[in-house]
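Presented below is the structure to which this report refers.
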Number of protein chains: 2
Amino acid sequence: MNTKEKIISEALKIYNRDGIRTVTTRQIAQEMGISAGNLHYHFKHTEDIIFHIFQLLEAGYEKMILLPEKRGVSFQQLLDGFIQGSYVLIDKYRFIFENFVEICNWIPRIAESYRRLVEQREGQLVSLFMYYADGGMFRSEIPLLNLKRFVRQLFIVSDFWSSSYAVLGRQQGIDPFEDYRQTIHTAFYPYLL
Amino acid sequence: MNTKEKIISEALKIYNRDGIRTVTTRQIAQEMGISAGNLHYHFKHTEDIIFHIFQLLEAGYEKMILLPEKRGVSFQQLLDGFIQGSYVLIDKYRFIFENFVEICNWIPRIAESYRRLVEQREGQLVSLFMYYADGGMFRSEIPLLNLKRFVRQLFIVSDFWSSSYAVLGRQQGIDPFEDYRQTIHTAFYPYLL
DNA sequence: ACAAATTTAGAACAATTGTTCTAAATTTGT
DNA sequence: ACAAATTTAGAACAATTGTTCTAAATTTGT
């Protein structure tokens, strides 16, 4: 692992632990035992560090979405796979989810990338639901518009569960994965057959 | 309106416009034409300004929840009233919703207040749903646990719709209230009779 | 009307921040 | 082995920040 990768890995760790408000590049450099000058030799601006981390998250999503190419699995199995895969990313890149609006305002490239990602995922999910509706595993009488709105709602729940959990759940010691799984299941419940 | 109220009103305006990352107390003072020293005479710490604004939001919720004491209205009417009332607050105190995790980590008093508020709203909503289930306007075969999970899901959608809209909707010129209304309706849809 | 309390502006402070610059140390390619 | 390229540490810079201090201005109560 070279210095650049070490910076990313340490920054991710510290941002997840402390949030982005109070963390400085100097602190990141100090905690990993290099000079601030050296850190800024590898990443000229703080934004570059965060953007780099965001790209890792995006790559993670890309990889996860490609996984279930093997059709034929039951909808339940597919859903559980998505839930598991999403959770791993939400947990790993927690600070991005928890500070998403601020990060998007601060680094517009990230907002643009996210919009593209959502549009892409939206299409994939809608066509997937329609496929499983034909197979009798998903309610089929739902108009396309309603299906799209359901997907939008799903994104809100999935992308901001982490924010809600940070404020409500973490202190109460609720198991995060189990809480996420149930939250997503609750959203799907009325649509499954 | 005395200086203290002017500071609150100006701070709210500026935070909603620019977010909390880049806004300074000096900027707030300058934009409203008073000295930074004067601002800090009224609010010793920046946190005090934000906490004060949060308390206004809380008071707004309190007021909204008390409104529909007149039972007997149809569930649809009640729901529309809640949607309207919630939206006004979400819009007015936008920056709090959009930076909620960060604000809660920064000012723990706010997190604690929010947790109490959620618990209170949770109980009220569950008993309300059960009341309307008896009246035949809400699905009645749902176990209590599932009802509670549905309410949790509802809070995520309602409290973080604003964050999602900030990143996805605002640029596309979608009407915010209409978008919020449909999002909440989509969540309720499968539970209505 | 006038003493006391409150409010205000502006200077000052102390700490911090992201980033750049420079020179030394280290690594790489041949 | 040695020149060139890369990496590193640490000083330095310039700007900013929240907050405090002081003295003047204004308001309030009697």
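Just so you know, these numbers come straight off a predicted model, no measurement behind them. Within every chain, numbering begins at 1; the chains are lettered A, B, ... in the order of the sequence lines, protein sequences first and strands thereafter.
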Stem list, DNA chain C (Watson-Crick or G-U pairing under 3.5 Å, at least 3 consecutive pairs):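 The stems are C:1-30 with D:1-30.
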Does [N] have its OP1 or OP2 closer than 4.0 Å to a side-chain nitrogen or oxygen of [X]?
X: A:Thr24; N: C:dT19; result: no
X: B:Thr25; N: D:dT19; result: no
X: B:His40; N: D:dT20; result: no
X: B:Tyr41; N: C:dT7; result: yes

In whole Å, what is the span from the [atom1] atom of [X] to the [atom2] atom of [N]?
X: A:Asn2; N: D:dT8; atom1: CG; atom2: P; value: 9 Å
X: A:His42; N: C:dG18; atom1: NE2; atom2: P; value: 18 Å
X: B:Ile7; N: C:dT8; atom1: CD1; atom2: P; value: 8 Å
X: B:Leu39; N: D:dT19; atom1: CG; atom2: P; value: 10 Å
X: A:Arg26; N: D:dA14; atom1: CZ; atom2: P; value: 15 Å
X: B:Ile107; N: D:dG18; atom1: CD1; atom2: P; value: 13 Å
X: A:His45; N: C:dT20; atom1: NE2; atom2: C1'; value: 11 Å
X: B:Ile34; N: C:dG10; atom1: CD1; atom2: C1'; value: 13 Å

A:Asn99 and A:Tyr15 side chains, donor-acceptor separation under 3.5 Å: no
Polar contact flag, side-chain donor to acceptor under 3.5 angstrom, B:Ser158-B:Tyr180: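 A donor-acceptor contact under 3.5 Å links the two side chains.
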Out of C:dA12, D:dT8, D:dC13, whichever nucleotide has its closest atom nearest the side chain of A:Ser35: D:dT8
Please determine whether a side-chain nitrogen of the Lys or Arg among [X] and [Y] lies less than 4.0 Å from a carboxylate oxygen of the Asp or Glu.
X: B:Arg115; Y: B:Glu112; result: no
X: B:Glu98; Y: B:Arg170; result: yes
X: B:Glu119; Y: B:Arg116; result: no

Toward the 5' end of DNA chain C, by each residue's nearest nucleotide, A:Thr22 or A:Asn38: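 Nearest-nucleotide comparison on DNA chain C picks A:Thr22.
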Worked verdict on B:Ile14 versus B:Arg17 for side chain to side chain contact (heavy atoms under 4.5 Å, CB included): CA-CA 5 Å; B:Ile14 296 174; B:Arg17 193 188 61 203; 4.1 Å; yes
Test side chain to side chain contact (heavy atoms under 4.5 Å, CB included) applied to B:Thr3 and B:Ile7, step by step: CA-CA 6 Å; B:Thr3 306; B:Ile7 292 170; 4.1 Å; yes
